[in-house]
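Reading through the C-alpha cells given below for one structure.
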Amino acid sequence: MNFQKPKGTPDFLPGTVEKWQYLENTARELTALYRYREVRTPIFEHTELFKRGVGETTDVVEKEMYTFADKADRSITLRPEGTAGTVRAYAENKLYADPDVTKLYYVGPMFRYEQPQAGRMRQFHQFGIEALGSSSPALDAEVIAFGYDYCRKLGLKDVRVEVNSVGTAEIRANFRAKLLAFLEPMKEELCRDCRSRMERNPLRVLDCKIDQHRFDGAPSILDELDEECRTHFEQVRGYLDAMGVPYEINPRLVRGLDYYTHTAFEYKAAGIGAIDTIGGGGRYNGLVGQIGGEEHDQPGVGMALGLERVLIILEAQGVSIPEYAPLDLYLIGLGDRAEAETVRLVHAARAAGLTAEKDYQGRKMKSAMKSADRSAAREVAILGDDELDAGVISIKTMATGEQRKLPLGDFIRMLAEEKAGRQA
RNA sequence: GCGGUCGUGGCGAAGUGGUUAACGCAUCGGUUUGUGGAUCCGACACUCGAGGGUUCAAUUCCCUUCGACCGCCCCA
C-alpha cells in the first residue's frame, strides 16, 4: 500500500455513507420545520478569526488547531468549530440588517489536531444551528429543544440535556475568584490535574472525578448571577418546561469555548467509551460585535452536535437506519448479440424508473445468476439468442423462482408498472 | 502532548529463529453447452505495516517509523 489517509481522518464507504445521509437528511427535515436555512462557509478561515472568536486561552486554540501558512504567507486555519465562521459570514454579509431573527444551520467537517480515540477524530463532522438577532430566552429554549428533537427524531434513547447559566464575563471573573479562594486551602491535597486546572481553567476543577468529594461546599456560579442573568435563566427553564423538553440543571457545566454568555448546555448519552457528550451550545451575546464590529453587534444562540458521536450511539442502541435502495432488475445477456442488447435495455430500464444493473464481467449464466443473487435483485432478465429471435425476454422473479417470458419491446414498461403497483 | 494494546491474503484468524505461512468466510472456476441461494472438487499470501539491525538463517529477537484501537488532558 503506497498511501494511507492522514491520521484521524475518515473514509466513509458505501454501507456507511447511507447512515451519514440519514443523519443529514433527518437534520435537514428538522431545519425546514424550525425554519433554519443552510449556510456554507469556508472549510478554512483566517487563523485570527478563531483566536478572537473561540478564545485565545481555550484548548481548541492553544493546541488543537490545524494552522498553516498559505503561499502569500497568510495564516490559515482549518475550522475547528462552526460558530466562528457562521458569525463571520453573518456579519460580513450584513445579515444583521434582517429585521427578523436570522436562523442558520450548517453540516460539515471540522478539524482539530488531537490524538484520535473513540468518538474523537481529527476530521469530524458537526451539524449545528445558530439563531442571531434576538436575546429572547425563548430562542435559547428553541435551540435546546431543536437538538433534543433531532435526537428523538433519529430514534435515540436516553439523551440527557444539561443546562447551566454561565452569566457574563464579569460574573465569571467574580466567580472564578471565589472559587479559587475556596480551592486554595485544599490545593496541596488535590490531584495533579486539578492543580494544573486551577492555573488554566479553575471552573473545570469542579468536574474532576477524583476530587469530587471535596467540592460539596464549593461556590455555585448560579449564586453569582445578577438579576438579569437569573431572570433569563429562569425564563429559559420555563420555556423548556412548557415545551416538554426534559433537562437537568448542572451548575458545574462549563463549555470549552470562551464566547458563551447566559445559557450553556450539553447533550449527553452513554455509549461512546470514555466520552459522553454528543453536542452542546449556548448563548453568545457579544460575539458578533467582536467579530463583525461593535456597531453591528447582535445577540446569538446556537448548538452543535458531533455526528460521529451521534452515530456511535445510534448503532450502540441498535437504531435501524434506512438501507440502500433495492435492485429491481438485473440483466444477463448470453452471446454477443444479446449482450449488446442488454446495454440498451439496462439504460431504458433506468429511464423507466427501475433500479437496474447488468453483468460487466463477461460471466457465464451461472456466475451471472450468483452475481444477481448477491445484488439482491428482485427480477433477473435473461436474454439469449432464443429470446432475441422470438422477440421476448425471460424474467425470473428471484424470491419465488418463477420465470415468465415477456415481450422484448414491452417488458420494461410492464415491470415499471408492477413496481408502481407494489408501491401504491 | 502523554500512556497502554496491537498491525499475518478481500475479511476473520493460527503460527514458529530454519525445507511448500494452518484453518474459516468471501471470491473465481468446475461438477450442470442457458439459470441463484445447498453439497462436493479445485484455484487463491515469492509473503507476514514500512525501514534498519542482530544472526549462517527472521514473519517470529532488537531499534526506528507509520498506522489502528483504547485511555489521560480536553472536547464534538
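Quick note on labels: first sequence line is chain A, next is B, and so on, each numbered from 1. Scope of the values below: all heavy atoms of this structure, side chains included, with no hydrogens, waters or symmetry mates.
Residue-level contact check: A/Lys7 touches the backbone only, with heavy atoms under 4.0 Å from sugar-phosphate atoms and none from bases. Using a 4.0 Å heavy-atom distance criterion, A/Glu81 is classed as making no nucleic acid contact. Across all strands shown, A/Gly8 has heavy atoms under 4.0 Å from sugar-phosphate atoms exclusively, and none from any base. Residue-level contact check: A/Arg112 touches the bases, meaning some heavy atom is under 4.0 Å from a base atom.
Using Watson-Crick or G-U wobble geometry with both donor-acceptor distances under 3.5 Å, B/C11 finds its partner in B/G24. The partner of B/U55 cannot be assigned: no Watson-Crick or G-U wobble pair with both contacts below 3.5 Å exists in any strand.
Not a single donor-acceptor contact under 3.5 angstrom links the side-chain atoms of A/Arg204 to the base of B/C74. Put simply, the side chain of A/Glu114 and the base of B/A76 share a donor and an acceptor less than 3.5 Å apart.
Rounded to the nearest Å, the gap between the P atom of B/A22 and that of B/G42 is 15 Å. Comparing B/A76 with B/G24, their C1' atoms sit 39 Å apart, to the nearest whole Å.
Between A/Asp385 and A/Gln126, the one whose closest nucleotide on RNA chain B sits nearer the 5' end is A/Asp385. Residue whose closest nucleotide on RNA chain B sits further toward the 5' end, between A/Ala274 and A/Ile278: A/Ala274.
The CG-C1' distance, from A/Asp276 to B/C74, rounds to 13 Å in whole Å. Straight-line distance from the CD1 atom of A/Ile272 to the C1' atom of B/C70: 14 Å, rounded to whole Å.
Side-chain contact of A/Thr77 with A/Thr67: a donor-acceptor pair under 3.5 Å is present, judged by distance alone. Under 3.5 Å, the side chains of A/Tyr36 and A/Glu142 contain a donor-acceptor pair of N or O atoms.
Listed nucleotides B/A76, B/G71, B/U35 differ in distance to A/Phe124; the shortest reach to its side chain belongs to B/A76.
By the 30° and 60° cut-offs, the orientation of the rings of A/Phe44 relative to A/Phe68 is perpendicular.
In this structure, A/Arg255 reaches the B/A76 phosphate: one of its side-chain N or O atoms is under 4.0 Å from OP1 or OP2. Residue A/Lys63 places none of its side-chain N or O atoms closer than 4.0 Å to OP1 or OP2 of B/C73.
Between A/Phe127 and A/Phe146, the ring centre distance stays below 6.0 Å. Taking the centre of each ring, A/Tyr34 and A/Tyr105 stay at or above the 6.0 Å mark.
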